[in-house]
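To start, the structure itself, in structure tokens.
One-based numbering, in listed order, for ligands and for the atoms of each.
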Amino acid sequence: MFQRKIVIAGNWKMHKNAAETVAFLEELKKSGRDLGASCEVMVAPTFTSLEAGVKAAKGSNICVSAQNVHWEDKGAFTGEISGPMLNEVGVTHVIIGHSERRQYFGETDLTVNKRIKAAIRHNLIPVFCLGETLEEREAGSTFQVVKRQLVEGLGDCAPESAEKLIVAYEPVWAIGTGKTASPEQAQEVHAFLRLELAEYRGVDFANKVRILYGGSVKPDNTRELMSCPDIDGGLVGGASLKVDDFLGIIEQAS
Ligand code: PEP
């Protein structure tokens with residue numbers, strides 16, 4: 001039986017400026033909880049808040065993540081940010097392939113693959129998001145869709161160890177909608193993804209990769225979701241913006 005350390009990750013999207021980021025992290029640190037003892041805690045502020053976030057998180061076990069990375073190190077790519085730039089700021093993780101990027105910004109499996117490779121090249125842990133839409137679930141194609149996203153997103157990338165890859169299953173119909181996948185629905189997909197990861201890199205690797213669930217995670221549904229054998233944490237949007245809710249999730253997951 002493999003012990004995978006639970007990850008609770010907050011995706012702040014386009015919320016919180018630098019001052020609000022610092023205030024949140026100071027409050028989180030002051031909570032007196034031994035953050036990071038029983039689970040890994042991560043927050044993903046906006047680009048302009050990353051530097052302040054990294055400084056504020058110093059001396060704690062809180063990891064700071066970016067929300068995107070470009071595949072080139074520099075060049076004419078207006079509005080993008082590169083791995084070396086994120087390294088300079090000091091973040092450790094980067095969210096890649098979030099459904100909002102796929103839906104509004106033309107992210108595809110191919111660009112996700114290039115971004116994951118760039119993250120690995122620059123020693124950033126990719127938090128690789130995938131998940132089906134409501135139409136795809138209702139059409140019975142959930143497994144086919146997540147398999148395609150996983151296989152094409154990972155492609156030929158080579159994380160040196162399973163700890164260097166985090167996958168986040170986020171059914172699009174559950175993101176920001178208040179609808180959570182039932183623990184059974186989520187577990188079924190997580191188990192499937194782990195089998196596919198075993199095909200990609202072997203059982204040992206697959207057993208060590210953390211697969212997070214995302215989609216309306218709150219303190220009151222965390223325990224049930226996290227008790228599923230293949231759910232190794234949560235990627236949390238709305239409920240990660242308030243310290244009390246975020247702490248509640250960390251507590252329930254621990
Ligand atoms: C997300 O955006 O990754 C997410 C899961 O959002 P929410 O928790 O608000 O559904």
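- With ligand atoms numbered from 1 in the order given, ligand 1 contributes 10 (O) to contacts under 4.0 Å with heavy atoms of Ala174.
- Between Phe24 and Phe246, the ring planes are tilted. Angles from 30° to 60° get that label.
- The residue from Gly215, Gly214, Gly237 that puts a heavy atom closest to atom 8 (O) of ligand 1 is Gly237.
- Here Asn11 has side-chain heavy atoms under 4.0 Å from ligand 1, and that is the only part of it that gets that close.
- Scanning all protein heavy atoms for the shortest distance to atom 3 (O) of ligand 1 gives Glu170 OE2, 2.7 Å.
- Counting only N and O atoms by type, the side chains of Glu132 and Trp173 include a donor and acceptor under 3.5 Å apart.
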Problem set entry | Derivation and outcome, salt bridge (Lys or Arg N to Asp or Glu O under 4.0 Å), residues Arg148 and Asp109 | CA-CA 8 Å; Arg148 190 208 72 229; Asp109 293 330; 2.7 Å; yes
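- No salt bridge links Glu40 with Lys5; every basic N to acidic carboxylate O contact stays at or beyond 4.0 Å.
- Residue Lys13 has at least one N or O atom closer than 3.5 Å to an N or O atom of ligand 1.
- Met42 and Val69 are not part of a single hydrophobic cluster, where members link through side-chain heavy atoms under 4.5 Å apart.
- Ligand 1 lies less than 4.0 angstrom from a heavy atom belonging to His98.
- Distances below 4.0 Å separate heavy atoms of Ile175 from the following atoms of ligand 1: 1 (C), 2 (O), 4 (C), 6 (O), 10 (O).
- The nearest non-hydrogen atom to atom 10 (O) of ligand 1, considering only Gly176, Gly238, Gly178, Gly234, comes from Gly176.
- Residues Asp73 and Ser82 bring no donor and acceptor atom of their side chains to less than 3.5 Å of each other.
- With ligand atoms numbered from 1 in the order given, ligand 1 contributes 7 (P), 8 (O), 10 (O) to contacts under 4.0 Å with heavy atoms of Ser216.
- Residue Glu80 qualifies as enclosed at atom CD: its count of foreign heavy atoms under 6.0 Å is above 12.
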